[in-house]
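This is a predicted model, so every value here is computed, not measured. So that the names make sense, note that chain A is the first sequence line, chain B the second, and so on, each numbered from 1.
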Amino acid sequence: MKEKINTLQFSSTFLLCILSSTIGLSLYTTIKIASIDTYISIAIGSVMGIIPLFIFLYIFNYEKDLPIYQKTVYIFGKFWGNMINIITTLLYFIIGMTVLFNLSNFIVSQYLSNTPLLLILIVFGITILHAINKGFETITRVSSIFVVIAVFFFLFSFIYLFKEFKFDNLKPILEFGIQKPILGGFVNMLIFLAPIYTLLIFPKNNIVDKEKINKYISFSYIIGFIILFLVSFLSIGILGKYLINLYQYPGYISLKRISLFKFVDRIENFLSIHWILCSFINLSMIFYYIKCNITKEKNSKIINLILCLLAIIISYKAFDNNTNFNYYTYKIYPYILGALFTMYLIIYIGDIIKKKKNNI
Amino acid sequence: MTKIKILLVLSLTTLLLSGCYNYRELSDLAITTAISIDYNEENKNFEVIAQVINPIKQQDVSSSGEPTFINFTSSALSLQEAFRTIILDSPKQLYGSQLQILILSKSVLENHLADVIDFFSRDPEMRSEFRIAIAKTDESLEGISLQTVLDNLSSSNILDSLDKQSEILGLSVNLTLNDLTNMYLNPYLEIVLPSVFVEGNINEGEERENVTNTTQKAKIKIGTTGIFKDNKLLGFLSFDESRALNLIRGDLEDTIVRLDTENGYIVFEPNRIKTKKESDVKNNKVKITIDGFARIKEVSDLTDLTSVKEIDNLEKKLNKKIEEMVQDAFINIRDNYNTDVFGFRDSYYKTDYKLFKEIDKNWYDDIFPQLEIEVTSKIKLYEKGNTLGGIEYEREN
């Protein structure tokens, strides 16, 4: 891996990966579990998320010259290391298909209602293919541009939506106890932190100003969580208990309230574009991770093409319709994310044991 | 080779730049700005009227003598069929993204509200920010057909009237689809909606002459608030009750209040009003505090407005008048209709849900009829316009 990037590019990608779950997946699943206490769930999730973040930083700082698939081989040996790589690759492939379908489904249901889903999947598939052909450096460079757009649009939406916020809509707080918000927080944490491990594909030593990386990642994590929290807090405060449960994309529905100077309105599609940008970066990272695990850094455009085609075809055929997809995201997806988290937990424990052995 | 590749990519990109996959030209759309819906119980049909803008430039339309809008009517067993079959009359497909106003009949509101909400909230092309009103009479449903002068479209006319009266008079609250959906879904809220009605002869109002005369033969007017209980329309409030209801709900910002005096009257304009509600679930009581400012707008009395003492006195009288107005309206609505259109039930639930769940079963039998409100008005009288004293007072002194 000869590519060189800087801390800002790396942390921008990190932040966009976190933010990509704000549309659809994260909010939908958490609302299903915690209803109007979703914002509490997200706050709890942010505290819980410190553990996966710590695991990420620990693995990232271990054997700084190696990408994750070589680290696993180094820690567990060839057989078990490769087994772990295969499992994480498969899990990420499922996550990639989920994010791809979620994004396409959002676009079909809200923007282009008469456009075939397959066409949208293909358009995104081609863009992702181009991004992974270009490599990690290009993806992170694009991220550093997208992050400005995403944060600007978010701030803009926040400022204009704040006057619509009604504190009363958040009440009653914790009517059904703290258990559901805790469960929601856990699931939410799994959803938005799953994509960050794809960044482990990049060895720390290839970052130009790597001394600052831990600080930048922690800062991106905090910013990401503040945005996630505010999106849920505002959506619930604007729509209330019954409407957030009614709509599939409450965050997007809240954006419909924005009206500038009472004559610039209907700008929700424009403002929601940042979700698409975040999801694009997230998908690019996931498929780049899978590609690296398969090709071991050799730039094989044929493998990339096959990978994207498989993702398009399988996600199109597997989910079939959005009712199936919603059922899957609520009932099955958290377990897939849990399995992925477990894999990194194993790698983390392996790291510790290996370090201790080396010290002895 | 690279140049050929670049050229090929650029050429392919131009195909995508022409627009979306299934784009529709603006001229192919029938931009719908108002809809009214009725339900015919005999043949179980939804009867709809859709107002569609004449796509020719609005100034040209007026000068050419063409109508600024066209109404299409249709009826079918479902709303989707009713709207879709309009294509049999119109060469263009209805496009609801610019919808401004939706007028619903009593029968639709009482028996088919869920169908209407589902139809409008499911369609992603439809925006949820349009206003909703009840047709006070069956004839009012055709109010969107009337020719109007100050606005080319009757839908804009109704929308502007609704918005302006809400801003400066506070007779009825402005409600959107999301507000109505929330009231429908929330088991602790009752529905309230503004009403509209037609004054004059509707047939004459649809003629071109309705906009060429200085006095319109028919016009659509904003009525008082319609109140519901368990989705059944109970009736329409009086002018003062309607404003008091908005005041209690915290939806009133600006209005006028007339204070009768010994020799005449004084009219105040309370503005920047803010209502705060505090529910005391245990004692079944709600404390309402009204804050804001007021100007003197009209004086027909010998009151000395230059006197500080007199101004203080007027301020007290104004606040007392507002408190009485709110109390009277509350007692009338509570005793005559027994419907909690004020949102106290929801407020109780949000304040103390544990205690609320114990008392909620008997809400309309025991709790609401005994509910009391304590109103405190703290409106500050701060301005009286150009003149120092009243004209009558200046003449006498």
Side-chain angles (χ1 to χ4, degrees), chain A residues 35-37 105-123 126-127 130 133 164 166-177 235-236 238-250 252-259 262 265-269 272 322, chain B residues 9 12-13 15-16 19-24 93 96-100 114 117-118 120-130 159-160 163 167 176-189 249-251 276-279 281 343 346-357:
Chain A
S35 190
I36 54 165
D37 296 322
N105 185 46
F106 169 66
I107 290 168
V108 168
S109 65
Q110 303 301 324
Y111 303 151
L112 309 170
S113 49
N114 292 329
T115 307
L117 183 74
L118 186 63
L119 190 74
I120 293 167
L121 286 168
I122 290 169
V123 169
I126 293 169
T127 328
H130 184 67
N133 277 341
E164 301 282 337
K166 284 180 189 159
F167 187 72
D168 229 29
N169 282 339
L170 303 176
K171 291 180 187 171
I173 297 165
L174 296 175
E175 184 185 355
F176 300 104
S235 302
I236 298 162
I238 290 167
L239 297 175
K241 184 181 177 179
Y242 299 95
L243 294 180
I244 54 155
N245 282 302
L246 180 70
Y247 292 115
Q248 184 166 10
Y249 302 105
Y252 176 78
I253 299 292
S254 310
L255 288 178
K256 291 192 175 195
R257 298 270 178 109
I258 294 180
S259 173
K262 291 197 174 175
D265 45 20
R266 295 170 169 81
I267 52 172
E268 63 275 5
N269 290 349
S272 60
N322 70 351
Chain B
V9 169
L12 286 171
T13 316
L15 294 173
L16 295 171
C20 303
Y21 168 83
N22 59 338
Y23 74 98
R24 283 173 282 170
Q93 190 185 351
S97 176
Q98 303 290 323
L99 187 65
Q100 294 180 315
I117 291 173
D118 186 86
F120 285 99
S121 56
R122 191 173 294 280
D123 189 350
E125 263 183 10
M126 200 73 74
R127 285 182 57 80
S128 52
E129 299 308 301
F130 56 84
L159 179 73
D160 291 347
D163 281 350
E167 274 175 35
T176 62
L177 179 68
N178 275 342
D179 297 322
L180 181 64
T181 311
N182 193 38
M183 286 189 280
Y184 184 73
L185 293 177
N186 190 335
Y188 309 131
L189 285 179
R249 288 168 58 95
D251 294 326
K276 200 174 140 194
K277 280 183 280 185
E278 272 178 71
S279 301
V281 187
D346 189 53
S347 177
Y348 273 26
Y349 166 61
K350 286 173 175 169
T351 308
D352 189 345
Y353 64 86
K354 283 179 188 163
L355 188 56
F356 170 78
K357 280 181 180 166

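Closest non-hydrogen pair, Lys350(B) versus Asn169(A), comes out as NZ-OD1, 4.1 Å. Heavy atoms only, all atoms of each residue included: Leu246(A) and Leu185(B) are closest at CD2-CD1, 4.3 Å. Ser109(A) approaches Pro124(B) most closely through the heavy-atom pair O-CB, 3.0 Å. Nearest heavy-atom pair across Lys256(A) and Arg127(B) is O-NH2, 3.0 Å.
Looking at Ser121(B), the atoms closer than 4.5 Å to chain A (heavy atoms on both sides) sit in the backbone and in the side chain alike. In this structure, no portion of Ile238(A) lies under 4.5 Å from any heavy atom of chain B. Heavy atoms closer than 4.5 Å to chain B are found in the side chain of Ile253(A), but not in its backbone. Interface remark: Lys357(B) contributes side-chain atoms only to the contact with chain A (heavy atom separation under 4.5 Å). Heavy atoms of Tyr247(A) lying under 4.5 Å from chain B belong exclusively to its side chain. Only the side chain of Tyr353(B) has a heavy atom closer than 4.5 Å to any heavy atom of chain A. There is no contact between Thr176(B) and chain A, counting heavy-atom distances below 4.5 Å.
Listed by chain and residue number, nothing satisfies the salt bridge (Lys or Arg N to Asp or Glu O under 4.0 Å) test with Asp123(B) (two or more places apart in sequence, or in another chain). Applying the salt bridge (Lys or Arg N to Asp or Glu O under 4.0 Å) criterion to Glu278(B), with sequence neighbours excluded, gives no partner residue.
Note: Pro187(B) leads Pro187(B), Ser128(B), Ser347(B) in heavy-atom pairs under 4.5 Å with chain A.
Note that CG of Asp168(A) is 7.0 Å distant from CG of Asp346(B), once rounded to the nearest 0.5 Å. The distance from atom OH of Tyr188(B) to atom NZ of Lys241(A), rounded to the nearest 0.5 Å, is 6.5 Å.
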